[in-house]
Amino acid sequence: MKITLHATPDITPRPLIAEVILETGALLNIDRADVKPKGGEVVIDVPPNECERVVAAFEKRGATITALEQPVIKDDDECVNCGACISVCPTGVISFREDWSVQMDLDKCVQCGACVTMCPHGALTVLKS
């Protein structure tokens, strides 16, 4: 499961992720991070069986966490299955089916927005948590 950690200026200097890993023993993977002294966000892949404990550990430290349930929405009426989004996706979320229609594996999405920028028909939207 993917979660988004929203970092505020008061918590960005702290090693929150390291602290949570040490406390919970959960193996976390950082999929995407954009954190500056003024704040930001980190998309973290958490083992599903560890999610509750990990979220509680982050929240205990003052972090705001949201689940990343459906990060990209494809408007099937606008999508012309051109595949422009496929080549720019850094995590392989988007691919062609055998019939050359576009399919998405949303479990891999890290909300980078590259597909949205590349889509010539505006058929993709990234949901920001």
Side-chain angles (χ1 to χ4, degrees):
M1 173 173 199
K2 293 188 190 302
I3 60 172
T4 303
L5 180 150
H6 303 277
T8 56
D10 58 315
I11 64 172
T12 54
R14 296 182 36 217
L16 291 179
I17 296 171
E19 289 175 3
V20 169
I21 290 170
L22 290 172
E23 177 184 323
T24 64
L27 298 176
L28 306 180
N29 188 39
I30 298 172
D31 286 340
R32 182 179 60 81
D34 181 19
V35 180
K36 297 170 180 66
K38 63 180 172 123
E41 65 181 26
V42 181
V43 176
I44 304 170
D45 198 6
V46 181
N49 60 327
E50 301 285 349
C51 199
E52 244 180 77
R53 289 185 330 120
V54 167
V55 168
F58 278 123
E59 289 175 342
K60 178 172 78 173
R61 289 167 172 79
T64 303
I65 302 292
T66 54
L68 187 58
E69 294 175 10
Q70 189 171 2
V72 176
I73 304 259
K74 181 176 81 149
D75 181 343
D76 289 324
D77 293 334
E78 282 298 319
C79 181
V80 295
N81 297 301
C82 67
C85 53
I86 294 172
S87 63
V88 297
C89 181
T91 58
V93 171
I94 310 165
S95 61
F96 282 121
R97 291 186 180 96
E98 284 187 25
D99 67 358
W100 294 99
S101 62
V102 171
Q103 67 180 352
M104 304 176 90
D105 181 358
L106 295 178
D107 289 339
K108 297 178 182 179
C109 186
V110 297
Q111 282 189 331
C112 70
C115 60
V116 174
T117 303
M118 185 57 73
C119 181
H121 284 263
L124 300 172
T125 306
V126 175
L127 293 180
K128 289 293 183 181
S129 28

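Values below: all heavy atoms of this structure, side chains included; hydrogens, waters and symmetry mates excluded. By convention here, the first residue in the shown sequence is residue 1.
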Are [X] and [Y] connected, step by step, through hydrophobic side chains (Ile, Leu, Val, Met, Phe, Trp, Tyr) whose heavy atoms are closer than 4.5 Å?
X	Y	value
Ile11	Val42	yes
Ile17	Val46	yes
Trp100	Val93	yes
Ile21	Leu5	yes

Please round to the nearest 0.5 Å and tell me the distance separating atom [atom1] of [X] and atom [atom2] of [Y].
X	Y	atom1	atom2	result
Cys89	Met118	SG	CE	11.5 Å
Asp75	His121	CG	NE2	11.5 Å
Glu23	Phe58	CD	CZ	10.0 Å
Lys74	Gln103	NZ	CD	9.0 Å

Shortest non-hydrogen contact between [X] and [Y], atoms and distance:
X	Y	result
Met104	Ile94	CE-CG1, 3.9 Å
Ala7	Thr12	CB-CG2, 3.6 Å
Leu16	Ala63	CD1-CB, 4.3 Å

If we only count heavy atoms from C-beta on, is the [X] to [Y] side-chain gap below 4.5 Å?
X	Y	value
Val20	Arg61	yes
Val54	Leu28	yes
Gln111	Glu41	yes

Sole candidate of Thr66, Asp31, Asn29 that passes side-chain hydrogen bond (donor to acceptor under 3.5 Å, both in side chains) when paired with Lys2: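 Per the side-chain hydrogen bond (donor to acceptor under 3.5 Å, both in side chains) rule, the option paired with Lys2 is Asp31, out of Thr66, Asp31, Asn29.
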CD/Glu52: more than 12 non-hydrogen atoms of other groups inside 6.0 Å: no
Residue among Ile3, Leu68, Thr4 satisfying side-chain contact (heavy atoms from CB on, under 4.5 Å) with Ile44: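 Exactly one candidate clears the test, Ile3.
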Tell me which donor-acceptor pairs under 3.5 Å the side chains of residues 77-86 have, and how far apart each pair is, sequence neighbours excluded?
unit_1	atom_1	unit_2	atom_2	d
Asn81	OD1	Val102	N	2.8

Partner residues of Lys38 under the side chain to side chain contact (heavy atoms under 4.5 Å, CB included) criterion, sequence neighbours left out: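 Partners of Lys38 by the side chain to side chain contact (heavy atoms under 4.5 Å, CB included) criterion, ordered by chain and then number, come out as Lys36.
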Lys108 backbone acceptor or donor facing Thr91 side chain under 3.5 Å: yes
